[in-house]
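Each ligand, and each atom within it, is numbered from 1 in the order the structure gives. One is the number of the first residue; the rest follow in order along the sequence.
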Amino acid sequence: MEWKRLKARVLETGSVRLSGEPSDEYVSRSAAGPSAGTPGSLFFSPGGGRPSVPGRRVRAGIDDNSPIEVVHRGAGAADLLIDGETVAGRLEPAALHCPRQAYITVSGTCIFHCRYCPVPELPGRRKGVDEIVRMVESVADRIDAVSITSGVASSIEEEEAYVLEVVAALRSFGLPIGVSVYPCPETPARLHALGVVEVKFNIETATPELFSEMCPGLSWEGIRESLSSSVALFGRGRVYSNVIVGLGETDADLARLMEDLTGTGVIPVLRPLTPAASLADRPRPSAERLLALFETQGRILRRAGLDPRRALTMCAACTGCDLTPGRDA
Ligand code: SF4
């Protein structure tokens, strides 16, 4: 099976059954992203000895009932058993949250209640600046980037100020820093002034109407404006935005948004819905839909001259949760 199809099947299923040798060092538990609050997840890279394409990977939750199996053969070597096929590869250890990055959630708590997000219900807390510096120090020998995200602990403005403090303390590592937060109008300029190289402001839904329904109290237009103003500062292809697939939008809605974002130099990251919170009963998007959208996204990105393979930080550099044009085909 082609890698993109295999990855689409894993994303459609959302999980794998883990067996074989002990795998604790390869299992990560997250306070953000699609696996927040779940028993754990792993990263699988295809390719027997070394990954066949550097950085090609898929992340999957661990679930004893999954129809897909990963057998750990020892020392990271693993087989993915899927639809009657066996794919040789490796388990990749996460540094902090994902491979090769210290991706840190500053505040694992949130005052907003986006309908798909489990974070407000988790027993999260805000990390201290010194604690975050120590976390990055502990993995500094095995990362290429530092990425920062956060919920909103008390207010959007207060969260931005705290994240700026965190970023200022992390500059001494000399690594590219990417930041993904809910932005205030001045956030792009403030992050740029601190030397941040990439930003990701998640527009989340394909249409503003869907956003009002899914993210009460937040502004689709505000995020859209912050994305545009960021391109002037960080450059085309250094600004990203996650858009969830599976909230009730059509493929035409997603294509329209992707044209709109790429037209201003923003790279959309298409994120399959992980059913959670008040959308726990929704289905995951099918592999067929993800593959069709992947082709559309690839065409739109190529026409705009944007290439996610240049990403230095955050999800477009990781690619574990999404089919990523250029990396996955
Ligand atoms: S793609 Fe993004 S959310 Fe998924 S594991 Fe990688 S960094 Fe985390």
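Listed by first and then second residue, the ring-ring contact (aromatic ring centres under 6.0 Å, His included) pairs that reach into residues 187-208 are His192-Phe234, sequence neighbours excluded.
Listed for the Thr324 side chain is a donor-acceptor partner under 3.5 Å among the backbone atoms of Asp322.
Taking a cut-off of under 4.0 Å to the non-hydrogen atoms of Phe43, the atoms of ligand 1 that pass are 5 (S). Set against the non-hydrogen atoms of Cys315, the atoms of ligand 1 under 4.0 Å away are 1 (S), 2 (Fe), 3 (S), 7 (S). Distances below 4.0 Å separate heavy atoms of Cys321 from the following atoms of ligand 1: 1 (S), 3 (S), 4 (Fe), 5 (S). Atom numbering of ligand 1 starts at 1 in the shown order; those under 4.0 Å from a heavy atom of Tyr103 are 7 (S). Remark: ligand 1 atoms within the under-4.0 Å shell around heavy atoms of Gly320 are 1 (S).
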Under 3.5 Å donor-acceptor pairs involving side-chain atoms of residues 164-181, not counting sequence neighbours:
residue, atom, partner, partner atom, Å
Arg171, NE, Leu194, O, 3.1
Ser180, OG, Lys200, O, 2.9
Ser180, OG, Lys200, NZ, 3.4

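The two atoms that bring Leu254 and Leu270 nearest to each other are CD2-CD2, 4.3 Å, heavy atoms only. In terms of heavy-atom proximity, Ile82 sits nearest to Leu6 at CD1-O, 4.0 Å.
Residue Cys318 does not count as close to atom 2 (Fe) of ligand 1, with no N, O or S atom under 2.8 Å.
Linking Ile, Leu, Val, Met, Phe, Trp and Tyr whenever their side-chain heavy atoms come within less than 4.5 Å puts Leu42 and Val139 in one cluster.
The residue from Arg271, Met314, Lys200, His97 that puts a heavy atom closest to atom 8 (Fe) of ligand 1 is His97.
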